[in-house]
Amino acid sequence: GTSTTIWNTFGGCRGTESSLVSCRFTVPVNCNSSSLAGARCFDCPSPNFQCANGLCVDYNYRCNGYNDCRDNSDEQNCSCYRGSVRLVGGESPAEGTVEVCNSNTWGTICDSLWGANDTRVVCSQLGYTNASVHLSKSLFGHGTSTTIWNTFGGCRGTESSLVSCRFTVPVNCNSSSLAGARCFGKTNSLCDLLPFTHKHTAYTHTHMHIHIHVHTCTHTHL
């Protein structure tokens with residue numbers, strides 16, 4: 001170091017203190033200039049998210065509807081909220097390639113183990129009350145995202161959100177093997193069916209003949 005002074009009482013931190021001088025050994029320790037403490041600091045290791053206040057949280061907590069950073073920086077500039085689902089590329093809002101939001105990113109789902117229970121959860125999230133049809137082989141196209149989530153699925157059919165369902169082993173697929181769904185039945189209040197309490201703006205966006213339907217938090221019928 002640059003000093004001949006050695007402090008022998010600072011240390012023994014729990015890790016939550018705001019300053020090293022807040023940590024004290026109950027008994028002073030003895031050492032000399034050949035036994036000095038050092039440290040190497042890093043940014044948040046991947047795949048963590050670094051909060052504005054310096055905290056590191058799991059990147060999956062980004063835009064999940066909760067203030068995990070304690071300063072709300074993990075809930076800012078969100079393009080979507082974790083757990084939200086949508087159907088894209090269909091002829092109506094009730095059918096299409098399944099996309100789910102995770103880590104502030106829309107992504108499609110592998111169809112390897114996609115089944116009726118998975119579709120039932122998706123359709124229920126979107127407010128449909130009757131039977132649903134699970135579809136595969138990218139019947140409605142490749143979706144709007146290059147991201148493919150390979151762990152969401154394997155639902156029992158009673159889950160409230162697709163992101164509550166996880167394969168124990170990730171499945172592999174490409175953009176020609178994406179899960180789709182066709183839902184039936186009248187919708188209920190979508191405010192009661194969104195995974196979190198955020199309000200979303202409803203719009204229909206047409207780009208390259210792909211129709212995206214994002215539902216508002218209102219009482220409506222589809």
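The nearest pair of heavy atoms linking S73 to A52 is OG-N, 3.0 Å. Scanning both residues, N60 and S103, for their nearest heavy atoms gives OD1-OG, 3.0 Å. Residues G83 and Q125 share a closest heavy-atom pair of O-NE2, 2.8 Å. Contact between C183 and L87 at its shortest, heavy atoms only, is SG-CD1, 4.0 Å. Nearest heavy atom pair, residue S175 against residue S138, reads O-OG, 2.7 Å. Taking each heavy atom of L135 and F140 in turn, the nearest pair found is CD1-CE1, 3.3 Å.
Rounding to the nearest 0.5 Å places CG of D74 at 11.0 Å from CG of D58.
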Q: Using the side chain to side chain contact (heavy atoms under 4.5 Å, CB included) rule, take R120 and C155 through it: C-alpha gap first, then chi angles, then the decisive distance, then the call.
A: CA-CA 9 Å; R120 186 174 295 113; C155 298; over 6 Å; no
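Side-chain contact, T144 with R86: a donor N or O sits under 3.5 Å from an acceptor N or O.
Listed for the D118 side chain is no donor-acceptor partner under 3.5 Å among the backbone atoms of L162. Not a single donor-acceptor pair under 3.5 Å links the side chain of S177 to the backbone N or O of N174. Of the possible donor and acceptor atoms, none in the side chain of R82 sits under 3.5 Å from a partner among the backbone N and O of V100. For the pair R166 (side chain) and T151 (backbone), a donor-acceptor distance under 3.5 Å is absent. Of the possible polar contacts, one joining the S145 side chain to the W106 backbone as a donor-acceptor pair under 3.5 Å is found. Of the possible donor and acceptor atoms, none in the side chain of E75 sits under 3.5 Å from a partner among the backbone N and O of N67.
F49 belongs to a hydrophobic cluster with V57, Y59, Y61, counting contacts under 4.5 Å between side-chain heavy atoms of Ile, Leu, Val, Met, Phe, Trp and Tyr, direct or through other members. Apart from I148 itself, the hydrophobic cluster it occupies contains L178, where clustering links Ile, Leu, Val, Met, Phe, Trp and Tyr at side-chain heavy-atom distances under 4.5 Å.
Residues satisfying the side chain to side chain donor-acceptor pair (under 3.5 Å) test with W114, not counting sequence neighbours, are T119. Evaluation of the side chain to side chain donor-acceptor pair (under 3.5 Å) rule for T146 yields no partner, not counting sequence neighbours. Residues satisfying the side-chain contact (heavy atoms from CB on, under 4.5 Å) test with S79, not counting sequence neighbours, are N104. Partners of S18 by side chain to side chain donor-acceptor pair (under 3.5 Å), not counting sequence neighbours: none found.
Per the SG-SG cut-off, C101 and C63 are not bridged by a disulfide [distance not under 2.5 Å]. Pairing of C51 with C56 by a disulfide is not supported, the SG atoms lying 2.5 Å or further apart.
Considering only heavy atoms from C-beta on, L55 stays 4.5 Å or farther from C69 through its side chain. In this structure the side chain of F152 never reaches within 4.5 angstrom of the side chain of C110, judged on heavy atoms. Residues R182 and C123 form no side-chain contact, since every pair of their non-hydrogen atoms from C-beta on lies 4.5 Å or further apart. Side-chain atoms of T97 and H142, non-hydrogen and from C-beta on, never get closer than 4.5 Å to each other.
Of the candidates I109, T147, T105, T108, T108 is the only one forming a side-chain contact (heavy atoms from CB on, under 4.5 Å) with E99.
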